[in-house]
Amino acid sequence: MSTAEELRAALVATLTESRSLTADWVPSVAAVPRHAFLPERFWADEDGGDTECRRDKDPERWLRLAYADVPIVTQWDDGAEDGEHTVPTSSASMPTMVVEMLADLDTEPGHRVLEIGTGTGYNAALLTHRLGAEMVSTVEVDPGVTSVARSALRAAGFAPEVVCGDGSLGWPVAAPYDRLISTVSLRTIPSAWLTQTRPGGVIVSPVSPLLGGGAIVRLTVGDDGTASGRFTRSSAFMLLRQQRYDGAPVDDYLPGEWPGDSEQSWTKVDPEAIGDGWLSLFACALALPDVYYRRNDYGEGRTWWLFDTAVTSWATVDSVPGESRFEVRQSGPRRLWDEMEAAHNRWTAAGRPGYDRYGLTVTPGGQTAWLDDPGNVLL
Ligand SMILES: C[S@@+](CC[C@H](N)C(=O)[O-])C[C@H]1O[C@@H](n2cnc3c(N)ncnc32)[C@H](O)[C@@H]1O
């Protein structure tokens, strides 16, 4: 059985070879024992599914997974006792993502850093190893997760400030920060993060628009209290507790029988073709920040439902495999499918731009997404 040190050295080699791990972070990744931040029982995504792993039953697999380049779920359903395991709510992120986000953060000794989403405490330990305990604060919303992380950090010899609270409010006590890194995803970047990061400072965070897809944004804070920057890479993080959104019941949109007062039309764009691609959905989602979808299987096809958060409009599109045109129904003041199709067409016409051609500008009043240039706002 390989030792933790051997496995950690192998992880450093793998991450270096893939060019995810930058030289400045090698000493920290080589020194911080990732396994010391993992619970005795976790769920690892080894082959496309989260499988349980228990240290007492299979210590060799447990240690191997602790240093494998996979995300590890450490809590389900906000820690609910009933064992449903519906939604993963805390984890140790995939090492590749951890080190790539640290590279995006572009931090160096002397920087004061705030982390949002302490989780296991592993990322906070890396930051503390590099910057020193007095320079790192980390905020976790779940009290149980917070106290486990705090103990694990102490036991491993790291003492950053660990706060239990809502990270969307930042942590004003230790502000201003040179760098702010979130390891939990958001729909919108909170204004508190802008005010707590110094001008010229950098904010790195996963963003998950309501419609779907997700990516890491790297924002630089300006002198005027706004922040702007591009996306760097795709991501699929768990969502900030306060920004989860279930949507309104269908009856609130369509009180009677389908198709209600909807207008019928036809489209040649298969919604499945948009939804299948993380990037194509993300590109549409940035242009339609207040639209979400649900899907219903029926017979051999699937109905896509689009809704707006203001609960004024809905649309359905029936995707049937092998068909070349698809029935559309739209109701309300907005034509939601027309908006989605237009956003998708703009993405294809622009040459299917990748994440790094998109960006965000955040002001205290809200955020706007753009393509190539902050002036080229997505509508
Ligand atoms: C992907 S995990 C963080 C991984 C962690 N950085 C690590 O190194 O293990 C996301 C964490 O964000 C936490 N979270 C969710 N909403 C939050 C909020 N509003 N404020 C702070 N933390 C939050 C979750 O409870 C979860 O522990």
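In this chain, numbering begins with 1 at the start of the sequence shown. First listed ligand is number 1; within each ligand, the first listed atom is number 1.
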Protein heavy atom at shortest distance from atom 5 (C) of ligand 1: Thr118 O, 3.2 Å
Phe282 vs Tyr355 aromatic rings, parallel, tilted or perpendicular, using cut-offs 30° and 60°? tilted
Protein contact of atom 20 (N) of ligand 1 - nearest heavy atom, named by residue and atom, plus distance: Gly167 N, 2.8 Å
Going by atom types alone, do Gln330 and Trp314 pair a side-chain donor with an acceptor below 3.5 Å? no
Pairs of nitrogen or oxygen atoms closer than 3.5 Å, one from Gln75 and one from ligand 1: do any exist? no
Below 4.0 Å from ligand 1: does a non-hydrogen atom of Gln243 turn up there or not? no
Could you say whether the N/O atoms of Ala92 and ligand 1 ever approach to under 3.5 Å? no
For ligand 1, which part of Val98 has a heavy atom less than 4.0 Å away: the side chain, the backbone, both, or neither? neither
closest protein heavy atom to atom 8 (O) of ligand 1 is Asn123 N, 3.1 Å
Provide, to 0.1 Å, the distance between atom 16 (N) of ligand 1 and the closest protein heavy atom, together with that atom's residue and name. Arg241 N, 3.0 Å
among protein heavy atoms, the one nearest atom 9 (O) of ligand 1 is Thr120 OG1, 2.6 Å
Charged N to carboxylate O under 4.0 angstrom, Glu60 versus Arg55? no
Is a donor from one side chain sitting under 3.5 angstrom from an acceptor on the other, for Thr118 and Glu140? no
How are the rings of Phe37 and Phe158 set relative to one another: parallel (under 30°), tilted (30 to 60°) or perpendicular (over 60°)? tilted
Could you label the plane-to-plane angle of the Phe307 and Trp305 rings as parallel, tilted or perpendicular, counting under 30° as parallel and over 60° as perpendicular? parallel
Tell me whether Arg61 is salt-bridged to Glu46, with the criterion being a basic N under 4.0 Å from an acidic carboxylate O. yes
Got an N/O contact under 3.5 Å between Glu115 and ligand 1? yes
Is Met238 in polar range of ligand 1, meaning some N or O pair under 3.5 Å apart? no
Establish, for the pair Arg54 and Trp62, whether the NZ or CZ atom is under 6.0 angstrom from the six-membered ring centre and no further than 45 degrees off its axis. no
Just by distance, no angles: are the side chains of Asn123 and Thr183 close enough, under 3.5 Å, to form a donor-acceptor pair? no
Tell me whether Ser90 has any N or O atom under 3.5 angstrom from an N or O of ligand 1. yes
What protein heavy atom sits nearest atom 4 (C) of ligand 1, and how far off is it? Ser91 O, 3.1 Å
Compare every heavy atom of Cys284 with every heavy atom of Ile274, then report the nearest pair and how far apart it is. CG2-SG, 3.9 Å
Closest to atom 10 (C) of ligand 1 among protein heavy atoms sits Thr183 O, 3.5 Å
Got a salt bridge between Glu100 and Arg233, using NZ or NE/NH1/NH2 to carboxylate O under 4.0 Å? yes
Quick one: does Arg34's side chain get under 4.5 Å of Arg8's, heavy atoms only? no
The option among Arg34, Arg244, Glu140, Gln242 carrying the non-hydrogen atom nearest to atom 25 (O) of ligand 1 is Glu140
Look at ligand 1 and say whether Gly165 reaches it with a heavy atom at a distance under 4.0 Å. yes
Which residue and heavy atom of the protein sit nearest atom 23 (C) of ligand 1, plus the separation: Val141 CG1, 3.5 Å
Mind checking whether Asp166 has an N or O less than 3.5 Å away from an N or O of ligand 1? yes
Would you say Phe237 has any N or O atom under 3.5 Å from an N or O of ligand 1, going by distance alone? no
